[in-house]
Amino acid sequence: MFATSATWCHFIRSDVEPELHHKALICGIRRTAPLRRWPDRAPQPPRLRAAPKALANYADQLLDELAAANDGCLIKPIESGPHAVNWASRVNAARKSGKIPHTQELYGYRTHRGYEIKLVDIPAWRLAELTPLPVPARLTKPHAVAAALQKQPQPMGLTKPLQGRALRIIQTLITATEAQGHKAALGTTQGAPPPHRRRKAPPHFTITAQGGGVGFLVLQEQECSEHVPTDKELADAKKHSWMRISRFDCTPSSRLRFILRGGSPHRASEWADLADRPLEEQLAEIVQEVGLRGEAAKRKRLAEQKAREEERKRWEAAMQEAHAAYAHAYRVKHLGEQADTWYQASLLTEYIAAVGDHATSLPPGQERAETEAWLAFADAHLQNLTESVSAPKLPTPPKPSGDDLKPFLGHWSPYGPRSY
């Protein structure tokens with residue numbers, strides 16, 4: 001605190017705004033000495049703020065834990081409260097520390113198990129140095145696909161100034177990909193795709209790499225500005241409730257966009273002219289993308305073929321077990337039938353003996369004759385039963401049908417591994 005208000009006035013700068021002097025006079029502050037003028041200071045260069053030491057230590061600790069982990073993966077518990085650890089912040093600090101090898105990347109994201117942190121290797125294709133592809137100044141010997149596109153009334157729906165450039169870029173792409181063993185073919189879209197489905201139209205041409213097709217759709221970018229409705233449009237919109245006034249006015253620009261479809265994307269699915277990087281400087285990436293998608297398609301095809309072979313082996317093993325189970329069930333059933341026949345023959349023998357004793361006690365006549373006839377039939381049937389059980393042997397089951405094997409196959413079909 002200052003002793004007097006007059007003393008406080010010594011510290012008022014003379015270059016302050018006049019309003020401040022006025023406010024000071026209103027408050028009753030009396031100036032008894034001239035105002036001091038502080039010397040001008042030279043502007044200081046901006047200071048580089050170093051990362052907080054604690055945050056740097058956390059980053060070092062996190063990287064040490066990742067190095068000690070067997071699979072380069074950590075799972076941290078997600079806590080709440082004022083003292084909870086912000087793992088996302090620590091992952092960002094580790095990324096900015098400059099201690100992660102240039103061939104690796106650090107990832108962190110939430111999972112059902114907690115906050116998962118991984119240190120993974122960058123794929124080799126991202127570290128590869130790509131050689132730029134020169135685009136010819138003139139299209140002298142066009143490829144069959146480029147020549148077919150050139151013969152269209154309005155190639156790919158492009159304006160006249162862009163047609164030649166687009167065809168030269170396509171020529172360079174096809175030449176570079178065919179040098180790697182790929183094949184190009186003309187697509188189904190001719191001219192410009194419909195406005196309502198520009199980005200979803202079929203491709204203008206395709207390149208097949210190792211059995212996987214990649215379609216190319218060529219589009220001309222649009223310059224859009226806000227539309228100012230005319231008096232006629234406003235009157236029509238007021239008159240007709242179904243009428244809608246366009247919000248933007250779009251005109252063709254000088255920029256191109258290539259949209260790739262098919263296969264597994266690696267770098268991207270679209271390439272376009274940029275302010276500092278035209279499409280010609282990005283052709284090496286597109287050619288690499290086609291090769292990467294072809295390799296991925298080949299790996300997928302081989303994996304599916306291997307999976308089908310393994311599935312067929314499992315189905316064949318299940319069929320063998322089903323045949324064995326069917327034969328076993330058939331023999332068990334036959335065994336039960338033989339046991340029942342043997343038991344029935346034993347009972348019938350006792351029955352015939354008892355009826356025979358009864359027939360001998362009867363006097364001659366019709367009743368005795370009928371009893372003896374019945375004994376003769378019973379004795380003949382007993383002979384048949386005795387013959388069927390006198391020589392037991394392992395029966396050979398008949399060839400089973402698909403319906404016979406179904407109860408023993410579980411989820412498999414008797415007609416093939418993919419019949420269901």
Side-chain angles (χ1 to χ4, degrees), residues 49-130 199-200 209-215 259-272 282 285-286 288-311 313-314 410-412 417-418 420:
R49 298 181 61 182
K53 187 175 180 181
L55 204 57
N57 293 337
Y58 287 145
D60 294 341
Q61 181 182 357
L62 182 61
L63 293 177
D64 292 340
E65 291 182 12
L66 285 170
N70 294 330
D71 54 353
C73 178
L74 296 176
I75 299 178
K76 298 293 185 178
I78 299 176
E79 302 171 348
S80 60
H83 302 291
V85 178
N86 189 346
W87 292 111
S89 176
R90 296 192 180 185
V91 169
N92 290 331
R95 288 172 181 158
K96 298 176 182 178
S97 65
K99 298 182 179 180
I100 300 177
H102 72 282
T103 58
Q104 291 182 319
E105 286 182 328
L106 186 62
Y107 292 96
Y109 44 85
R110 287 173 173 262
T111 64
H112 66 280
R113 299 183 296 175
Y115 197 85
E116 190 168 339
I117 305 172
K118 283 185 177 181
L119 188 63
V120 299
D121 295 331
I122 299 177
W125 57 266
R126 285 179 53 188
L127 301 174
E129 295 184 3
L130 303 179
R199 305 174 67 87
K200 297 182 179 180
Q210 302 191 36
V214 181
I259 299 179
L260 278 64
R261 292 201 194 92
S264 177
H266 288 69
R267 281 188 177 273
S269 293
E270 296 186 12
W271 277 263
Q282 308 175 48
E285 295 181 1
I286 301 178
Q288 184 195 39
E289 179 72 16
V290 173
L292 292 172
R293 294 193 185 192
E295 293 173 2
K298 181 180 179 181
R299 289 193 300 268
K300 182 180 179 181
R301 186 170 60 255
L302 293 177
E304 290 176 351
Q305 181 180 355
K306 183 179 179 181
R308 286 194 298 269
E309 293 175 355
E310 293 177 352
E311 187 179 27
K313 290 180 180 179
R314 294 195 299 269
H411 68 281
W412 293 104
R418 291 180 176 268
Y420 285 160

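What's counted below: heavy atoms across the whole structure, side chains too, no hydrogens, waters or symmetry copies.
- Here the shortest heavy-atom pairing between Tyr107 and Arg95 reads CA-NH2, 3.8 Å.
- Residue Ile122 holds its CD1 atom at 8.0 Å from NE2 of His102, rounded to the nearest 0.5 Å.
- Within a 6.0 Å radius of CZ in Arg301, more than 12 heavy atoms belonging to other residues, nucleotides or ligands are found.
- Here the CH2-OH distance, from Trp87 to Tyr109, works out to 15.5 Å after rounding to the nearest 0.5 Å.
- Scanning both residues, Leu106 and Lys118, for their nearest heavy atoms gives CD1-O, 3.2 Å.
- Rounding to the nearest 0.5 Å places CZ of Arg299 at 8.0 Å from OG of Ser264.
- Across Ala296 and His266, no two heavy atoms sit closer than the pair CB-CE1, 3.9 Å.
- Between Lys76 and Arg90 the shortest side-chain heavy-atom distance does not fall below 4.5 Å.
- Taking CG of Leu292 as the start and CD of Gln288 as the end, the distance is 5.0 Å to the nearest 0.5 Å.
- Between Glu289 and Pro265, the closest side-chain pair of non-hydrogen atoms falls below 4.5 Å.
- A 4.5 Å side-chain heavy-atom check between Val290 and Arg293 finds every atom pair outside the cut-off.
- Atom NZ of Lys99 and atom CG of Asp60 lie 3.0 Å apart (nearest 0.5 Å).
- Counting only distance, with no hydrogens or angles, the side chain of Gln210 and the backbone of Ala297 share no donor-acceptor pair below 3.5 Å.
- Nearest heavy atom pair, residue Ala69 against residue Leu74, reads CB-CD2, 4.1 Å.
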- Could you give me the CA-CA distance, side-chain angles and deciding distance for Leu302 and Gln305, then say whether side-chain contact (heavy atoms from CB on, under 4.5 Å) is met? CA-CA 5 Å; Leu302 293 177; Gln305 181 180 355; 4.1 Å; yes
- Message: What verdict does the side-chain contact (heavy atoms from CB on, under 4.5 Å) test give for Trp412 and Glu311, after you've listed the backbone C-alpha separation in whole Å, the side-chain angles of each residue and the deciding distance to 0.1 Å?
- Response: CA-CA 10 Å; Trp412 293 104; Glu311 187 179 27; 3.9 Å; yes
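- Scanning both residues, Tyr115 and Ile78, for their nearest heavy atoms gives N-CG1, 3.6 Å.
- Leu66 CG to Leu62 CG: the interatomic distance, rounded to the nearest 0.5 Å, is 5.0 Å.
- Taking every heavy atom of both residues into account, Ser97 and Leu63 meet most closely at OG-CD1, 4.1 Å.
- Remark: side-chain polar atoms of Gln104 are not paired, donor with acceptor, to backbone N or O of Leu119 under 3.5 angstrom.
- Lys313 and Glu309 are not joined by a salt bridge, as no carboxylate oxygen comes within less than 4.0 angstrom of a charged side-chain nitrogen.
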